[in-house]
There are 2 protein chains.
Amino acid sequence: MGIFSKTCEYAIRSVFFIAHRTENGSRVGIKEIATGISSPEHFLAKILQDLSKKGIVKSVKGPHGGFYMDESTLQRPLADVVEAIDGNGLFTGCGLGLVSCSESKPCPLHNEFKVIRKNIHEMLLKTTIKEFNGDLNLGVTNLKK
Amino acid sequence: MGIFSKTCEYAIRSVFFIAHRTENGSRVGIKEIATGISSPEHFLAKILQDLSKKGIVKSVKGPHGGFYMDESTLQRPLADVVEAIDGNGLFTGCGLGLVSCSESKPCPLHNEFKVIRKNIHEMLLKTTIKEFNGDLNLGVTNLKK
DNA sequence: TAAATAAAAGACAAAAAACTCTTTTATTAT
DNA sequence: ATAATAAAAGAGTTTTTTGTCTTTTATTTA
Ligand code: SF4
Ligand code: SF4
């Protein structure tokens, strides 16, 4: 198990893929996205429906329809995608899963975790969705399994 | 969902608890540990059997039996506990779950993740199991939900 | 307006994780 | 030796996550 849920991994890979494939204003269909990031098609469909409701991606039905992103969304931080799918537990929660702890009576790892989750949050806040388009175009990076 | 599995959270809390309750050379039973860290008793029992097989905790059966830790184990890093339960995926694996990526053709987040997982690993390597005994004794920190 | 297209929605199914309950085995003390 | 104790082991159930399949709705083009 990594830091993110599988669902969230697919979500991240798909927004990278959509951003990369639609920067010219076109749209890309679910089948192409699914094969492009090697994810189960119908499972990904659910995820994209979710992201669509939450405004992370846009979609249109019918012929020549598909998913795309507008310029303002492209500039949003990756943290928005993670929060939409996995919630903010990764940023606000803690490693040991206690709920009734406090700053004055924390678990032993409290201070250590504060640093880690701050690192993660800052990384995801400074990373924008579109910033990898260049490398993806060049084939330097990949999203397939 | 936090960084660790629930199983791993219980494991960490229980080793802290056992370390804290047996530093005088005594033993502590499963019931007391379970209530002490507010975890399901029989579920925790499985986890401790596992940790016992892997040498993280010691145990003796029968009257006045229970779990304890020896001095050398007390000095081991928390990373050993995490690795015993969740494996080394958190340290070696990655955020996007790809398997056929490489340094030369990584996913877009590769470099970002390298920093994060290094942070986590270093934190868990420098944290020893016994180092919180003092604060637990003083009641400054707690392990109960 | 009809046919084709593609996402949205709904209903399941499989796998993994989390949790419960019972029986067995080892140890100790009487 | 026997009874009491406490961990180990085994056999489940429940819940959550992940994945599949089918039907419906919206849009476009002919
Ligand atoms: S004290 Fe901090 S790290 Fe520990 S359980 Fe509470 S919030 Fe989490
Ligand atoms: S490139 Fe790095 S971060 Fe990306 S999937 Fe591979 S190992 Fe993980």
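Here is how names work: the chains are called A, B, and so on, in the same order as the sequence lines, proteins then strands, and each is numbered from 1. What's counted below: heavy atoms across the whole structure, side chains too, no hydrogens, waters or symmetry copies.
- With distances taken from any side-chain atom of S59(B) to the nucleotides dA7(D), dT5(D), dG19(D), the minimum falls on dA7(D).
- Look at CG on L51(B): it is 11 Å from P on dA8(D), rounded to the nearest Å.
- Applying a 4.0 Å cut-off to non-hydrogen atoms, the residues of residues 16-50 of chain B that approach DNA chain C are P40(B), H42(B), F43(B), listed by residue number.
- Between the P atom of dA7(C) and the NE2 atom of H64(A) lies a distance of 12 Å, rounded to the nearest Å.
- Here the side chain of T7(B) is nearest to one of dA8(D), dA6(C), dA18(C), namely dA18(C).
- No donor-acceptor pair closer than 3.5 Å links the side chain of S38(B) to the backbone N or O of T35(B).
- Between F91(A) and H121(A), the angle of the ring planes stays under 30°, which puts this pair in the parallel group of the 30/60° scheme.
- Counting heavy atoms from C-beta on, the side chains of V57(B) and T73(B) never come closer than 4.5 Å.
- The side chain of F67(B) lies closest to dA8(D) when the candidates are dA8(D), dA8(C), dG19(D).
- With dG19(D), dC19(C), dA8(C) as the candidates, the nucleotide lying closest to the side chain of K61(A) is dA8(C).
- The NZ-C1' distance, from K53(A) to dA7(C), rounds to 12 Å in whole Å.
- Atom NZ of K54(B) is surrounded by more than 12 heavy atoms from other residues, nucleotides or ligands within 6.0 Å.
- Although no hydrogens or angles enter the test, the distance criterion places a donor-acceptor pair under 3.5 Å between the side chain of E131(A) and the main chain of T128(A).
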